[in-house]
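Accompanying notes for the structure given below.
Computation of the quantities below employed the complete heavy-atom set of this structure, encompassing side-chain atoms and omitting hydrogens, waters and symmetry-equivalent molecules.
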Amino acid sequence: MAKDMTKGNPGKTLFFFAVPMVLGNLFQQLYNIIDSIIVGNYVGADALAAVGASSSITFLFVAIATGLSIGSSVVISQYFGAKRYGEMKTAIQTVLLASFVIALCLMLVGIFGTDAILRFMQTPQKIFSDASLYLKIYFCGLVFLFLYNMLTASFNAIGDSKSPLVFLALSSVCNIVLDLYFVTKLKMGVAGAALATDISQAISVVVSFLWLCTRMKKMKTQQKSRIFDLHILEIVCNVAVPSMLQQSMVSIGIFLVQRLVNGYGEAVMAGYAAATKIDSIAILPMVNVGNAVSTFTAQNIGGKKPERVKEGFRAGLLMSAVIGVIVTGIFLVYAKVFVGLFMDSSSNQAAIATGIEYLRVVGLFYALMGIMNTCTGVLRGAGDILWFLMVTLINLSSRVILAYSMSGMLGAKAIWWSIPIGWGIGFAIGFVRYLSGKWQKSSLIE
C-alpha cells in the first residue's frame, strides 16, 4: 500500500492520501473525547476540569513526540521519493530506537514532576488530586505514545495512510470498551480513563510494529539496511530538533493559556476543556491536509520534482478552504449540542455557555487555519525548517501575548479571539515565504 507521490495527478493523489489520514486522526482524537464525555457525565464537571487541566501538560509531551515524528517523516519521505530504500529502512529503525530511549527518560520526568507542574499552573485544590492521578497514570504509557507516533510517521512517509487508519480504529474500539468498563462499571474515575488510553495505545503499537516489520521485509533493496545509523540520526535531528522545539513552544503556549483559564474558576475551566476537545476534532481535517501536503512535498523534493509541489499546494489550499467552511457551518449551528455532550446542561449552565462562546468565535476562522497549515506543510516537507519554525512560533507567541494583554478588557473572551488573530499572522508570513520559492532548495538528503 506504499504510494509513490512523485507521479500521477497531484490533486487526486493528495486527496486520496489525505482522506485516510483525516479519518485516522479522528479516531486518535476519540481517545481524549471519549475520556472527557464519560468522565464529565459519569464522574462530574470537576473531574472533567481535572482532565482538561491535565491536557495542557500532556500536550507538552505529545509535542515532543510529534516534533520527532515530523523530522523522521520528512527524511523518510525524501529517501522514499529518491528511491533509496535501504537508507529509508535504516532511518525508520534508527528513529524507532531513538524515540524509545527519549520516551523512557521523559516518562520518569513526567511521573516525578507532575505535582510541581500542577502547582505552578495554579490548579484549584478541588481538582488537584484527580489531575495528579490522571497525569501519573498517563505518563506510564508515554513509551507507547512515542512509538505510535513514530510508526504512524513511517507509514505516512511511504504514502501508506490506510494502515494507521485500521490500527487506530482497532485501538479506538478498545478505548471505548475499556473506558466504559473502568469508569462506569469499576467506578475508577479519572484513573480509569487514563488507564484505558494507555492500554489502547499499547495494543495499537504492538499491531502497528508487527505490520511494519512485515512490510519492510517485503521491500527488497540492494543496499543492506542498518539497525542504527548515527549519520541518518543527525539528518533527522536537523528537522526533528527544531520541530520538537517548535512543538514544545506550542505546548508551553497552551500551558500558559491554561494557566490564564484556571484563574477564572472551575466553570470556565470545564467549558474551556469541553470546547477545546471539540475544537481539536474540528481542525483535524485541515491539519491532516497540511500533513498530506508535507509528505507530498517531501517525496517530490526527494525525487527532484519541485514543480509538482506547486500543483499539490494549490490542491491543498482548495481542500482546506472547502473543509473549513463546512466545519464552520456545522459548529455555528450545533455548538450547544456538542458542548452539551460533555456535561449535564441543567447543573452546568455557566460551563456550557463558555464552551459555546469559544466555538462560535474560533469556529468562524477554520478556513484561515486550514490555509495557514497548508503553507507550513510545504515548508516542512521541503526541509525549510527554520521558516516553518518561525511561522509557528510567531503564530503562537502572538496568541499568548494577546490573550494576556486583552484579558483585563475582555476577560476570558480574549483567549478565544487571540486564536484566529494568530492564525492570520502565521498565514501571512508562511505565504510570503512560499511565494519566494526559496524552499525548493532545502532538501535534507544529499
Side-chain angles (χ1 to χ4, degrees), residues 2-22 66-67 69-84 88 91 152-161 235-236 238-240 242-243 246-247 285-321 370-392 426-427 429-446:
K3 178 66 176 176
D4 184 353
M5 290 187 274
T6 62
K7 52 190 178 183
N9 180 276
K12 184 177 179 181
T13 299
L14 191 63
F15 176 81
F16 285 105
F17 177 64
V19 168
M21 291 180 70
V22 172
T66 302
S69 67
I70 286 171
S72 305
S73 179
V74 171
V75 174
I76 294 166
S77 292
Q78 290 193 4
Y79 277 130
F80 183 79
K83 312 296 188 293
R84 293 159 63 176
M88 181 200 73
T152 299
S154 299
F155 281 115
N156 287 335
I158 62 175
D160 179 6
S161 56
I235 296 173
V236 171
N238 288 335
V239 185
S243 296
Q246 172 257 333
Q247 290 289 319
M286 288 83 76
V287 168
N288 282 283
V289 169
N291 291 341
V293 168
S294 180
T295 301
F296 180 88
T297 300
Q299 284 199 19
N300 282 283
I301 290 292
K304 311 296 184 185
K305 297 181 178 180
E307 69 282 353
R308 286 178 55 81
V309 175
K310 296 178 181 179
E311 296 180 62
F313 174 71
R314 289 192 290 269
L317 284 180
L318 179 61
M319 289 169 61
S320 294
I371 60 176
M372 180 200 71
N373 209 55
T374 303
C375 287
T376 56
V378 171
L379 302 182
R380 184 176 65 199
D384 196 7
I385 298 303
L386 290 180
W387 275 86
F388 166 69
L389 178 65
M390 185 169 65
V391 169
T392 312
F427 167 69
I429 297 170
F431 190 60
V432 168
R433 178 62 176 179
Y434 171 80
L435 291 176
S436 75
K438 295 179 180 179
W439 50 270
Q440 298 180 44
K441 302 176 182 179
S442 303
S443 179
L444 297 167
I445 62 174
E446 299 172 356

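- Residue F296 holds its CZ atom at 6.5 Å from CG of L14, rounded to the nearest 0.5 Å.
- Side-chain atoms of R433 and D384, non-hydrogen and from C-beta on, do get closer than 4.5 Å to each other.
- For K83, the side-chain contact (heavy atoms from CB on, under 4.5 Å) test picks out D4, T6, Y85, with sequence neighbours left out.
- Here the shortest heavy-atom pairing between T13 and G8 reads OG1-C, 4.2 Å.
- Sequence neighbours left out, the pairs with a member in residues 285-297 that pass side chain to side chain donor-acceptor pair (under 3.5 Å) are N25-N288, N291-R380, S294-R380.
- The distance from the CG atom of L389 to the CG atom of L379 is 11.0 Å, given to the nearest 0.5 Å.
- Separation of atoms CG (D160) and CZ (F17) is listed at 8.0 Å; rounding is to 0.5 Å.
- T152 meets the side-chain hydrogen bond (donor to acceptor under 3.5 Å, both in side chains) test with Y148; sequence neighbours excluded.
- At least one side-chain heavy atom of I158 sits less than 4.5 Å from a side-chain heavy atom of M88.
- Annotation: side chain of Q299 is not in contact with side chain of R308 (no heavy-atom distance under 4.5 Å).
- Listed by chain and number, the residues in a side-chain contact (heavy atoms from CB on, under 4.5 Å) with A153 are S69, S73 (sequence neighbours excluded).
- F16 meets the side-chain contact (heavy atoms from CB on, under 4.5 Å) test with K12; sequence neighbours excluded.
- Pairing each heavy atom of A298 with each of V74, the nearest pair is CB-O, 4.0 Å.
- Taken from CD1 in I429 to OG1 in T392, the straight-line distance is 10.0 Å, to the nearest 0.5 Å.
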Would you mind writing out the side-chain donor-acceptor pairs for residues 370-378 within the sub-3.5 Å range, not counting sequence neighbours?
residue: N373; atom: ND2; partner: M286; partner atom: O; Å: 3.4
residue: N373; atom: ND2; partner: V287; partner atom: O; Å: 3.1
residue: T374; atom: OG1; partner: S320; partner atom: OG; Å: 2.9
residue: T374; atom: OG1; partner: G370; partner atom: O; Å: 3.0
residue: T376; atom: OG1; partner: M372; partner atom: O; Å: 3.4
residue: T376; atom: OG1; partner: N373; partner atom: O; Å: 3.0

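- The minimum heavy-atom distance between Q78 and G381, with the atom names listed, is NE2-O, 3.3 Å.
- Shown are K310, E307, E311; of these, the side-chain contact (heavy atoms from CB on, under 4.5 Å) with P10 is made only by E311.
- Every ring pair (Phe, Tyr, Trp, His ring centres under 6.0 Å) that Y434 has, sequence neighbours left out, goes to F313, W439.
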